[in-house]
Every structure is written in C-alpha cells, then in structure tokens.
Number of protein chains: 2
Amino acid sequence: MVKIMATADRKEREKEQRKNAIIDAAEKLFFSRGFDNVSMEELAKEVELGKGTLYLYFKNKDALFFAIILRKMDELHEIFRECADLKVSGREKSKLMGKRYFEFVHENKEYYQMVCTNGPKLFRKLENEELHTFVEHMKEDLLLHHGVFREGMADGTVRDDIDPLELAFFMALMSNSIVCLDPGWKTVLEAEGISYHQFVKDFLLFIGNAIEKRPDAD
Amino acid sequence: MVKIMATADRKEREKEQRKNAIIDAAEKLFFSRGFDNVSMEELAKEVELGKGTLYLYFKNKDALFFAIILRKMDELHEIFRECADLKVSGREKSKLMGKRYFEFVHENKEYYQMVCTNGPKLFRKLENEELHTFVEHMKEDLLLHHGVFREGMADGTVRDDIDPLELAFFMALMSNSIVCLDPGWKTVLEAEGISYHQFVKDFLLFIGNAIEKRPDAD
DNA sequence: TCCATAATATGACCATCAGTCATTATACGA
DNA sequence: TCGTATAATGACTGATGGTCATATTATGGA
C-alpha cells in the first residue's frame, strides 16, 4: 500500500515535469514563430510526443498559451516582491519597480511580442477556473503596487489625493500601453520624428510627474 | 467612345456601392457574433453573393476588417474636427473631444468590442499599402489633437512643459487603454469594489489633471 | 438584332489545423 | 507471469479561408 502511494507521488512529479517540458517547447516555438504559426503537430514533434498526448496535459492550444503567461507572471512577480521589500521610500520603490519592469520586458521581447499580439483575444475568452486563476495573479501584483503607493502616501513621496489602489491600476494600464504599443503608432511616431525610445522616456517622466506629491496648490 | 467612358464611371460607382454593401453586412455579422465566428460563406449568403465573389472586392477576410475600421475612423474624425473648429480654449476643445469620444465609444460598443478583441493581432499584420493608409488615418486625428494642445498652450489652458505632439500621443494611448480594458482587469476592479464607471471617471480626472497648466512650481 | 469579348459571378475544391477517439503500448502490483 | 490501469498514439473529422476553372451577364459594334 505504501508503495502505491509513493508511485503515485512520483507519477505526479513526472507529470509536472512533462508539463513543464511542453511549456518550454511551446515557448521556444511560439516566441520564435508566433502562436498562430505553430501547429500542435509541430509542437508535439518538438517534445517528441504524439499530438494526442499534448491534450492529456493541456485542454487545448489556448491553455498552453495561458500556462506560458502564468509562468512568466510568477517570474515578474518575484522581481516586484524584491523591490517592495527594500528599505526605501514608497516613491523609490515604485520607481525601481518601473525600472525593473522595463528591463524585464526588454529581456523577454519575444514573450511580450506574443502577448501583445495574441493576448487580447485569448484573455477575452477566459472563463471560470482559468479566468479566476488569471485574476488572482493580476491581483497579487496589483496589491503589491497598492501597498507601495500607500507607503509612498504615508511617507509623503506620493500624492495622496487619489485612491492608491486606483493609482496602481493607472500605472499598470499606462505601462502596458507603452509595452504593447501598436506598430501603427510606432510608425506614426517615427514619421513625426520621435524615436520610440525617446517617447517611452518622456511618457515615463509624464507618468512619474503625475503621481508625485506636488507643492500644495488650491 | 464617350459612351464607353460613361459606362466605366457607372461601373466604378456600382462597384463602390457593392463594396459598401458588403462592409455593411460584415459589420452587422461581425458586430453581433464576432469576427472569428462568422465565416466568409455566411457573409456571402448575407449579401446574396457567392463566396468567391467576395474576393473580387476584398483581398481577404482581414481586408474586410480593415475596411470597417477605416470607415469608422472617418466617422470619428468628423466629430473631432467639429470640436476642433469651435471657438473655445484649447483645454475646452480637448475636454469636449474626450467627451465626444467616449460617447462615440458608447454608441459603438460592438464595434469597439470587435476592435479590442481582434485589432491587436490584425494591426500587427499590416504591411505596405494597408499600413500606410492606416497610418495616414491615425495621423489625421493625431495632428488635430496636436493642434488643439498647441492652442491650449498658447492660451495658457494646457501645461506647456511637454511637447504637444507627445501629449497628443499620451492622451490617445491612455484613452485607448480604458476603452480596451481587459475583462480580467474589469474583474479585478470589481473584486476590489471599484465599478468600471467610477474607474473611468477617476482616470479621466487623473489625466485631465496631468495635462492642465499648474500654478508655477520649480 | 446578334455576336464576340470582356467583366463579373460562382461554388466545388484544396490545404491547413485544432481537437477527438478507437486502438495500442507501457507500467505496475499481485 | 498476468490482468488491469494508465499513458500514448496518429488516423480521422469538421470547419474554414482562400483559389480557380467554368459559367453567366453586360457591353458596344456590325
């Protein structure tokens, strides 16, 4: 009987490993050639499995996309947590989190390419279980930022006339809009003589400026 | 000879009408059931044409999506132009444009639903001719806003320490990020006890506040 | 009026691909 | 060693975007 339990455990671990191997392969292929341009057949070949086997580990292709997202979200969350744990002012933490975030985006260009391209549609399909998991992950990050802003308000480095939670939302949305900037917009920027790099810098200044505590006025 | 030319003209007009009829039908179906859930076969049936015929008028399904977008962009642009032509301060124009924009979004819910869901992927596929057309349309709007901000800076109703063109970009991006707010985010908002309506209101206040001229400080 | 030609329309057909399932192979415990 | 449960498989299905050889229609001149 003990033996049975032990085997079950091992199988569980093996299953988890196999799952991760599949996600690894999916990342490799999706990142390099795009989610839509990789068939489940190809992916199966990459992990040396039959196509049908993939469906024993993931409900469908979207679930695979979703699994990649969650793994990256955890990775990023770890970075945010580190920043939040530092012993500096709220505003400093927030600044650092922004900096680390953009570094992370830079180090994961293909990932963000995939998310920006396919995310919007797939996220809108999420339901029940999956939506819930996703929402929980978003919440974790959001609450971290929320906490940082509250600290900032308490220590006087962040303006305190806005709900800190909403402020966290604003920041997330604005950051996201730069990261996922449409190529059309990029083209317009260039046509108007503004480099993307410059634009990002200015937008971040604008945002930073908008959340900092100001010398009192009316 | 004259007759030939006249016929050519008429044919040209008829072709244009047919094209518009197809776009009408496509809007109707795509808006109500989603871009992906409408097959070209169905669409053909709706306009009482053979499937192959559609491809005489539009290169592919994406081109149809794109045609819908352009038509709506023109509609919205007309509204913006009206606002820009009013005889009020720059800041007032900008405010009004924002108001009219959100009204427009409200009146075209299904359209924005479609754009937010399928736009990101399709816009990233655009190339050459199509990309150029799209960029030109975006530019038109952008320059209108740019002009309004410059007026605002000149008349002292808008802060003048930022490039007005970049400011126009910021506004466009931020507005867009609210309009296309991911359902996941909406769920998180709700879970945290913030209604979407309230959130939009606060974000707009935040933005407005960020572009208004401030009592001088360092 | 009638014909030749060009323009327009058509739907059977093709290729692709996500997802299924009946069948086969493997691992395990007795 | 054997019977059962678990895991793996790939042929198959259904849906669909896009093509193309063929058919239909409109046009302008004879």
Side-chain angles (χ1 to χ4, degrees), chain A residues 1-22 25-26 29-30 33-68 114 118 121-122 125-127 130, chain B residues 1-22 25-26 29-30 33-68 114 118 121-122 125-127 130:
Chain A
M1 272 304 139
V2 176
K3 195 175 177 186
I4 294 181
M5 298 290 276
T7 324
D9 274 6
R10 177 174 55 77
K11 288 217 169 175
E12 192 62 33
R13 278 201 312 280
E14 280 177 358
K15 188 152 189 163
E16 212 53 42
Q17 283 181 345
R18 180 64 63 93
K19 249 184 143 164
N20 262 298
I22 295 175
L29 294 186
F30 291 164
R33 301 194 3 247
F35 183 72
D36 294 320
N37 303 318
V38 177
S39 70
M40 290 300 268
E41 194 81 49
E42 280 177 285
L43 179 53
K45 195 158 282 175
E46 175 76 23
V47 279
E48 294 173 294
L49 287 175
K51 174 156 98 142
T53 312
L54 294 183
Y55 288 87
L56 294 178
Y57 294 91
F58 296 93
K59 191 167 100 264
N60 52 33
K61 202 182 178 187
D62 292 355
L64 215 39
F65 177 88
F66 192 54
I68 294 175
M114 183 189 79
N118 307 88
K121 175 146 84 193
L122 297 181
K125 279 209 261 174
L126 292 182
E127 276 188 327
E130 282 184 326
Chain B
M1 270 306 141
V2 175
K3 195 173 174 185
I4 295 179
M5 297 290 275
T7 323
D9 274 9
R10 177 174 54 79
K11 288 217 169 175
E12 192 62 35
R13 278 200 311 281
E14 281 177 358
K15 188 153 186 163
E16 212 53 42
Q17 283 181 344
R18 179 64 64 94
K19 250 184 141 162
N20 262 298
I22 296 174
L29 293 186
F30 291 164
R33 302 196 1 247
F35 183 72
D36 294 321
N37 303 318
V38 177
S39 70
M40 290 301 268
E41 195 81 50
E42 280 178 285
L43 179 52
K45 194 156 284 174
E46 176 76 22
V47 279
E48 295 172 291
L49 287 174
K51 174 156 96 142
T53 313
L54 293 183
Y55 288 87
L56 294 178
Y57 293 92
F58 297 93
K59 193 166 99 263
N60 52 34
K61 202 181 179 188
D62 293 355
L64 216 40
F65 177 88
F66 192 54
I68 294 176
M114 183 188 80
N118 307 87
K121 175 147 84 193
L122 297 181
K125 278 209 260 175
L126 292 183
E127 276 187 330
E130 282 185 326

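Since the model is a prediction, treat every value here as computed from it, not as a measurement. Per chain, numbering begins at 1; letters A, B, ... match sequence-line order.
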(request) For B/Ser39 and for B/Glu14, find the nucleotide of DNA chain D with the closest heavy atom, then tell me which residue's nucleotide is more 5'. (result) B/Ser39
(request) Let me know, please, whether B/Lys15 or A/Glu41 comes out on the 5' side of the other along DNA chain C by nearest nucleotide. (result) B/Lys15
(message) Using the side-chain heavy atoms of A/Lys61, tell me which of these nucleotides is nearest: C/dT10, D/dA8, C/dA18.
(response) C/dA18
(request) State, yes or no, whether a side-chain contact exists between A/Val38 and A/Glu46 at a heavy-atom distance under 4.5 Å. (result) no
(request) Please state how far atom CG in B/Asp36 lies from atom C1' in D/dG14, giving the value in whole angstrom units. (result) 17 Å
(request) Please report, rounded to the nearest Å, how far the P atom of D/dG17 is from the CG atom of B/Asn118. (result) 12 Å
(request) Could you tell me whether the phosphate oxygens of C/dG11, OP1 or OP2, come under 4.0 Å of any side-chain nitrogen or oxygen in B/Lys51? (result) no
(message) Tell me whether the NZ or CZ atom of A/Lys125 lies within the 45° cone about the ring axis of A/Phe66 and under 6.0 Å from its centre.
(response) no
(message) Distance check needed: D/dA7 P versus A/Glu12 CD, whole Å only.
(response) 9 Å
(request) Can you measure from NZ (B/Lys19) to CG (B/Leu56) and round to the nearest 0.5 angstrom? (result) 11.5 Å
(request) Could you state the atom-to-atom distance from OH of B/Tyr55 to P of C/dG11 in whole Å? (result) 15 Å
(request) Without swapping roles, check the side chain of B/Lys61 against the backbone of B/Phe35 for a donor-acceptor pair under 3.5 Å. (result) yes
(request) Check the distance between D/dA15's C1' and B/Arg33's CZ and give it to me in whole angstrom. (result) 13 Å
(request) Taking only the side-chain nitrogens and oxygens of A/Arg18, find out if one of them lies under 4.0 Å from OP1 or OP2 of D/dA8. (result) yes
(message) In the structure I gave you, are the side-chain heavy atoms of B/Asn118 and B/Phe30 within less than 4.5 Å of one another anywhere?
(response) no
(request) Take atom NZ of A/Lys19 and atom P of D/dA7, then tell me their distance rounded to the nearest Å. (result) 13 Å
(request) Take B/Asp62 and A/Glu48, find for each the nucleotide of DNA chain D with the closest heavy atom, and name the residue whose nucleotide sits nearer the 5' end. (result) A/Glu48
(request) Scan B/Tyr57 against the nucleic acid and name what it touches under 4.0 Å (heavy atoms): base, sugar-phosphate only, or nothing. (result) sugar-phosphate
(message) Please tell me if A/Thr53 has a side-chain N or O lying less than 4.0 Å from either OP1 or OP2 of D/dA7.
(response) no
(request) Could you check how far CG of B/Leu49 sits from C1' of D/dG18, rounded to whole Å? (result) 16 Å
(message) Distance check needed: D/dC20 P versus B/Lys59 NZ, whole Å only.
(response) 16 Å
